[in-house]
Amino acid sequence: MNEFNWTYVGVAVLGLFGLFSFLATVVLSLTWYERKMLARIQMRSGPSRVGPHGLLQPIADVFKLVTKEDIRPTNSSGLLFWSAPLIVFVSAFLVWLTVPFADGAVVAPQELGLLYIVAISTVGIVGLLLAGYTSSSKYSVLGGIRAAAQLVSYEIPIIVVVLAIAVLVQSLDLRDVILGNEVTIGERVLSFDGQGAIPFAFIMPLGLIVFILAGLAELGRTPFDIHHAESEVVGGPFLEYSGAHWAVFFLAEYINTFVIAALTVLLFFGGWSWPSPPESVFGTALEEWQTDALGVGWFLFKTYMVVGLFFWFRGTYPRLRIDQLMAFGWKSLIPLSFVNFILMSIVIFYEWPLWVMTAFSVPILVLGLYIGSRRTARLADPTTVQMYRRARREDGGNKLIPEGSGD
Amino acid sequence: MTDSGITTNVIDKGQGLADMFINMGPQHPATHGVFRMELALDSELIVDATPHIGYLHRGSEKLFEHEIYSQIITLFDRLDYISNFNNELGLVMAVEKLMDLEVPDRAEYIRVILCELNRIASHLIFIGTFALDMGALTPSLYNFRDREKILTLFEATSGARMMHNFFRVGGVKQDVIKEFPAQVATLLDELEAGIDDADKMLSLGEVFVERTRGIGVIDGDVALDWGVSGATLRASGVPYDVRVEDPYSVYDRFDFGVPVGSAGDCWDRYYLRVLEARESIKIIRQALEQMEPGPIQTKVRAIARPPKGEVYVHAENPRGDFGVYLVSEGAESPYRLKVRPPSFCNLMALRDLLVGHYIADSVVILGSLDIVLGEVDR
């Protein structure tokens with residue numbers, strides 16, 4: 001392409017603008033969703049004053065944040081301080097370029113889409129580290145270092161699980177991952193029996209669990225919200241940010257949440273593909289745009305369900321400590337992800353049927369859960385606390401003796 | 001990096017080299033009010049800790065000396081501001097002991113019921129905030145719901161949710177309404193369910209035990225040396241409860257258990273309080289059964305003037321051994337009124353508990369001591 005093509009640029013700009021508007025709306029809806037869901041878990045009603053069911057609350061929040069004074073700590077370095085949120089946001093945003101909402105609904109389809117996503121999402125770590133480093137606050141520094149350690153560690157299991165998927169579908173294109181559910185790739189049919197396609201969650205349940213857990217850590221959501229732990233480092237890298245710049249971090253965080261949920265759906269739950277073809281559900285032949293629209297709707301529905309799962313975790317679990325988090329990542333998730341990858345490679349190499357993968361994964365998962373529960377049972381031993389009763393002392397006073405023992 | 005270039009997971013207490021000092025509090029969200037600790041860190045590990053108190057100092061003990069006794073009760077409400085009835089009990093018991101007053105049975109039962117309810121309310125807050133320190137948001141809301149029910153009952157009884165000013169020298173301010181026993185009985189059933197909820201949500205959860213087991217271990221001997229008392233002491237395996245060892249009010253008439261731990265870590269300190277709240281429910285049930293109609297106040301002059309002398313009484317507060325040392329010159333105000341605040345003494349052990357742990361543990365350990373700054377700083 002020797003000539004500079006303005007149409008191409010125009011389409012790209014329009015696409016980016018459309019994507020940004022869409023993502024901003026998604027983030028607004030996610031904040032409402034999270035607050036409402038947490039509220040329900042905690043027997044509250046959540047936002048309810050602004051708009052029906054508090055639906056306009058996110059808009060009010062945006063106005064509040066944008067009109068707030070933007071403060072920079074005196075000792076911080078201005079350029080780096082202001083650019084940190086942008087780095088985080090841009091990396092979160094760029095990931096979406098190649099995420100397909102439906103077969104035809106993707107801004108920039110790429111053959112190496114999976115590689116691109118993994119590579120771009122890692123750049124966000126630089127932003128967090130920079131935010132922590134330039135805030136000239138010790139809490140921020142701690143938070144930034146924690147973020148770097150945590151995110152770099154948990155990139156590995158995510159990448160390895162994504163690799164296993166790539167091995168399965170023999171492609172790095174996200175559309176192939178979905179189409180692999182519906183059509184044959186080469187000679188293979190991605191199903192147990194060669195008949196109907198199935199979501200990959202059934203083929204590699206081990207990969208799914210590792211991906212969701214590592215994804216949670218990657219997002220810094222409970223129980224892995226260590227780098228911005230409110231009760232320890234008071235917000236970590238975001239501590240010194242206020243107003244619009246903080247809002248940018250916030251935006252990036254929710255976009256990331258949505259990315260991980262969307263990837264879970266794309267890689268494991270069949271993306272936009274309906275359980276059975278929409279034509280058979282509606283009984284009539286559908287136009288292409290109609291199929292795409294239905295696909296996008298179905299995809300968003302699934303993604304919101306997965307995001308709901310993340311919010312549910314937040315309402316349920318306490319937070320791990322940094323060393324426990326690292327141990328969990330390096331000692332459990334990374335080995336498991338490699339086991340998953342190697343098993344998948346063997347199954348594909350010898351062209352065994354795919355149920356073999358399931359048959360291997362499930363016992364490994366059960367074993368892992370068993371080992372984990374054994375550890376918990378050993379730690380959570382209520383017999384260290386014993387009930388004591390009142391008894392008479394020789395000198396007439398009272399004393400406490402263990403319940404059940406004689407006077 | 002430290003100068004030695006070696007960073008190990010376990011460091012001798014106070015022996016490591018710090019590469020960062022961090023200031024937690026007085027505006028840190030997890031320091032339970034206005035407590036401040038200066039932590040010397042070796043990356044994430046705590047090498048040394050210096051607690052600073054006094055941000056909530058109101059000179060209570062000096063104020064006592066200028067007020068008449070019935071006014072001091074209101075000041076006692078404001079010491080440990082989440083177990084107000086227990087504080088009031090400490091003061092009125094001291095004055096009564098000095099004046100050698102006989103308190104009517106009904107008044108004693110009312111006091112015990114209110115104090116034990118206050119203990120449950122306090123423990124509910126402890127469980128909630130302890131979980132909150134670890135990032136679990138939900139238990140605190142459940143527990144504050146249950147505490148609110150208790151406070152509503154307090155309001156119906158004394159007219160105030162927290163600053164009751166209800167106990168009097170020689171009795172209580174007024175009799176409870178006749179529906180009170182039924183109300184309390186209903187409340188107890190709800191509380192039982194509420195405590196079970198909190199127990200189920202937290203106690204044996206994977207992440208919760210990972211965060212609390214083996215964290216902040218303190219030996220019984222060391223705890224005694226520091227003057228630690230209450231649930232924190234019992235978690236270290238020392239069976240000591242003032243209600244049993246030195247019974248006051250009518251506590252010797254009830255049959256109740258006292259949970260005693262053995263591990264001395266944060267989990268034991270937490271679980272002990274869950275069990276204690278359940279035992280308090282048993283005490284209240286017995287008190288409701290034994291309570292009979294009768295007078296609620298002995299005859300005391302409007303402005304009490306205890307005789308010349310000094311007296312020390314102590315009571316089991318939710319936070320520990322609450323002592324009141326009263327010196328009277330025979331005037332309407334005390335010559336000296338010294339409070340032994342359990343939170344303050346428990347806080348003494350903080351440095352021993354913190355050193356060698358991670359920053360994240362510092363808030364858990366501080367939470368497990370269950371301090372109230374109003375009482376620490378007075």
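Naming: A, B, ... by sequence-line order, numbering from 1 per chain.
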Peer 1: Just by modelled atom types, is the A/T384 backbone N or O under 3.5 Å from a matching donor or acceptor in the B/S262 side chain?
Peer 2: yes

Peer 1: Please determine, among B/M134, B/R211, B/E206, the option with the most heavy-atom pairs under 4.5 Å with chain A.
Peer 2: B/R211

Peer 1: Looking at every non-hydrogen atom in both residues, tell me the closest pair between A/T316 and B/T138 and how far apart they are.
Peer 2: N-OG1, 4.4 Å

Peer 1: B/V258 versus chain A, heavy atoms under 4.5 Å apart: side chain, backbone, both or neither?
Peer 2: both

Peer 1: More than 12 non-hydrogen atoms from neighbouring residues, nucleotides or ligands closer than 6.0 Å to OH on A/Y133, yes or no?
Peer 2: no

Peer 1: By a 4.5 Å heavy-atom criterion (distance strictly below it), what part of B/D255 contacts chain A: side chain, backbone, both, or neither?
Peer 2: both

Peer 1: Considering all heavy atoms of both residues, which atom of B/F256 and which atom of A/R389 are nearest to each other, and what is their separation?
Peer 2: C-NH1, 3.2 Å

Peer 1: Heavy-atom pairs under 4.5 Å with chain B are the metric here; pick the option from A/R375, A/R146, A/K138, A/R321 that has the most.
Peer 2: A/R321

Peer 1: Short question: side chain of B/R213, backbone of A/A380 - any donor-acceptor pair under 3.5 Å?
Peer 2: no

Peer 1: Using side-chain contact (heavy atoms from CB on, under 4.5 Å), reason through A/L142 and B/L41 one step at a time and then give a plain yes or no.
Peer 2: CA-CA 11 Å; A/L142 279 172; B/L41 302 174; 4.2 Å; yes

Peer 1: Name the region of B/P247, side chain, backbone, both or neither, that has any atom closer than 4.5 Å to a heavy atom of chain A.
Peer 2: side chain

Peer 1: Quick check for you: to the nearest 0.5 Å, what is the distance between B/L137 atom CG and A/Q42 atom CD?
Peer 2: 5.5 Å

Peer 1: At a heavy-atom distance under 4.5 Å, which candidate from A/D323, A/D225, A/T222 has the highest pair count against chain B?
Peer 2: A/D323

Peer 1: With a cut-off of 6.0 Å (strictly less than), are more than 12 heavy atoms of other residues, nucleotides or ligands near CD of B/E38?
Peer 2: yes

Peer 1: Could you look at B/F21 and say if it's the side chain, the backbone, both or neither that has a heavy atom under 4.5 Å from chain A?
Peer 2: both

Peer 1: Select one option (side chain, backbone, both, neither) describing which atoms of A/I226 are under 4.5 Å from chain B's heavy atoms.
Peer 2: neither

Peer 1: If you count heavy-atom pairs under 4.5 Å with chain A, which of B/A263, B/G261, B/G257 comes out on top?
Peer 2: B/G257

Peer 1: Please find the pair of heavy atoms, one from B/M20 and one from A/V141, that lie closest to each other, and give the distance.
Peer 2: CE-CG1, 4.2 Å

Peer 1: Which bit of B/M201 comes within less than 4.5 Å of chain A, counting heavy atoms only: side chain, backbone, both or neither?
Peer 2: neither

Peer 1: Which atom pair, heavy atoms only, marks the closest approach of B/W267 to A/D381?
Peer 2: CZ3-O, 3.9 Å

Peer 1: Could you check which of B/G214, B/A131, B/A136, B/G205 has the highest count of heavy-atom pairs closer than 4.5 Å to chain A?
Peer 2: B/A136

Peer 1: Distance check, rounded to the nearest 0.5 Å: B/L272 atom CG versus A/Q386 atom CD?
Peer 2: 11.5 Å

Peer 1: Counting heavy-atom pairs closer than 4.5 Å to chain B, which one of A/P223, A/S373, A/P382 comes out on top?
Peer 2: A/P382

Peer 1: If you draw a 6.0 Å radius around NE2 in A/H53, do more than 12 non-hydrogen atoms from other residues or ligands fall strictly inside?
Peer 2: no

Peer 1: Is chain B contacted by the side chain of A/I322, its backbone, both, or neither, given a heavy-atom distance below 4.5 Å?
Peer 2: side chain

Peer 1: Got a sec: does the OH of B/Y270 have more than 12 other heavy atoms crowding it under 6.0 Å?
Peer 2: yes

Peer 1: What residue, out of B/D252, B/D246, B/T212, has the most heavy-atom pairs lying under 4.5 Å from chain A?
Peer 2: B/D252

Peer 1: Nearest heavy-atom pair of A/T376 and B/L204: which atoms, and what distance?
Peer 2: CG2-O, 3.9 Å

Peer 1: With a 4.5 Å cut-off on heavy-atom pairs, point out which of B/V207, B/D265, B/L132, B/D133 contacts chain A the most.
Peer 2: B/V207

Peer 1: Just by modelled atom types, is the B/E210 backbone N or O under 3.5 Å from a matching donor or acceptor in the A/Q324 side chain?
Peer 2: yes

Peer 1: Considering only heavy atoms, which portion of B/I215 lies under 4.5 Å from any heavy atom of chain A: side chain, backbone, both, or neither?
Peer 2: side chain

Peer 1: Can you name the nearest heavy-atom pair linking B/L141 to A/M43, along with the distance?
Peer 2: O-CE, 4.5 Å

Peer 1: Please check this pair: side chain of A/Y139 against backbone of B/N23, looking for a donor-acceptor N/O pair closer than 3.5 Å.
Peer 2: yes

Peer 1: Is B/E44 in contact with chain A via its backbone, its side chain, both, or neither, using a 4.5 Å heavy-atom distance?
Peer 2: side chain

Peer 1: Give a yes or no answer on whether the side chain of A/R390 reaches the backbone of B/F254 with a donor-acceptor pair at less than 3.5 Å.
Peer 2: yes

Peer 1: So which part of B/R234 gets closer than 4.5 Å to some heavy atom of chain A, the side chain, the backbone, both or neither?
Peer 2: neither

